[in-house]
Amino acid sequence: MQERKPFEGFAHHNTEFYQSRPWRRLRAVKLQQDPLCEECLRRGRTIPAAVVDHIVPINKGGAPLDLSNLQSLCYPCHSRKSATDK
């Protein structure tokens with residue numbers, strides 16, 4: 001049986017970036033600073049964040065490693081935002 005690579009079949013055009021050490025470190029810092037979903041907080045809910053999202057997507061010119069371009073989101077909020085970004 002052939003060994004599968006991470007994310008095989010679900011390749012994201014920025015997969016290499018999201019697996020990089022600088023991104024993983026910055027993601028950890030962001031989740032430590034803002035452990036709750038920022039979108040849910042704006043709506044009065046306290047939901048743990050699971051994803052660090054680029055406010056302005058990288059492929060639309062957003063800074064990839066700038067904390068001011070990042071937000072902590074829960075999975076549902078991230079899915080909604082990703083759908084509108086496309």
Side-chain angles (χ1 to χ4, degrees):
M1 180 186 264
Q2 187 177 11
E3 187 175 318
R4 291 181 60 119
K5 296 176 186 174
F7 306 107
E8 187 176 326
F10 301 99
H12 188 281
H13 62 279
N14 292 323
T15 298
E16 188 174 325
F17 168 75
Y18 288 115
Q19 292 176 346
S20 72
R21 183 173 288 146
W23 169 252
R24 290 192 322 256
R25 286 182 181 158
L26 186 61
R27 179 187 182 280
V29 167
K30 179 62 177 166
L31 287 173
Q32 185 176 16
Q33 288 179 356
D34 298 299
L36 300 176
C37 175
E38 295 177 57
E39 181 62 30
C40 287
L41 283 173
R42 287 188 279 272
R43 298 175 183 195
R45 301 183 311 206
T46 52
I47 305 294
V51 178
V52 174
D53 174 71
H54 286 90
I55 298 166
V56 177
I58 296 170
N59 61 355
K60 292 186 179 178
L65 296 172
D66 182 353
L67 266 174
S68 68
N69 188 40
L70 300 178
Q71 61 184 342
S72 299
L73 297 175
C74 64
Y75 285 120
C77 286
H78 183 256
S79 293
R80 276 191 299 277
K81 181 182 179 286
S82 293
T84 61
D85 284 346
K86 290 182 180 178

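Index from 1, following the sequence.
Contact of the Tyr75 side chain with the Ile47 side chain is not registered, since no non-hydrogen atoms from C-beta on lie closer than 4.5 Å.
Listed for the Asn69 side chain is a donor-acceptor partner under 3.5 Å among the backbone atoms of Val56. Between the side chain of Lys81 and the backbone N or O of His54, at least one donor-acceptor pair lies under 3.5 Å. Judged by distance alone, with hydrogens and angles left aside, the side-chain atoms of Ser72 form a donor-acceptor pair with the main-chain N or O of Asp34 at under 3.5 Å. Side-chain N or O atoms of Lys60 include one that pairs as donor or acceptor with a backbone N or O of Asp85 at under 3.5 Å. When atom types are taken as modelled, the side chain of Ser82 and the backbone of Ser79 share no donor-acceptor pair closer than 3.5 angstrom.
Residues Lys30 and Gln71 share a closest heavy-atom pair of CE-CA, 3.7 Å. In terms of heavy-atom proximity, Cys40 sits nearest to Cys77 at SG-SG, 3.8 Å.
Under a cut-off of 6.0 angstrom, the local environment of CD in Gln32 is sparse, with at most 12 non-hydrogen atoms contributed by other residues, nucleotides or ligands. In Arg42, the CZ atom is crowded: over 12 heavy atoms of neighbouring residues, nucleotides or ligands sit closer than 6.0 Å.
Taking the six-membered ring for Trp and thresholds of 30 and 60 degrees, Trp23 and Tyr18 have ring planes more than 60 degrees apart, a perpendicular arrangement.
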Notebook entry, point to check: For Leu70 and Ile55, what are the C-alpha separation, side-chain angles and deciding distance, and is it a side chain to side chain contact (heavy atoms under 4.5 Å, CB included)?
Noted result: CA-CA 6 Å; Leu70 300 178; Ile55 298 166; 5.9 Å; no
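Distance check: Ser20 OG to Arg27 CZ gives 12.0 Å after rounding to the nearest 0.5 Å. Atom-to-atom distance recorded for Arg25:CZ and Leu65:CG is 11.5 Å, nearest 0.5 angstrom. Rounding to the nearest 0.5 angstrom, the gap separating the CG atom in Asn14 from the CD1 atom in Ile58 is 4.5 Å.
Under the 4.5 Å side-chain heavy-atom criterion for Ile, Leu, Val, Met, Phe, Trp and Tyr, Val52 and Leu26 are members of the same hydrophobic cluster.
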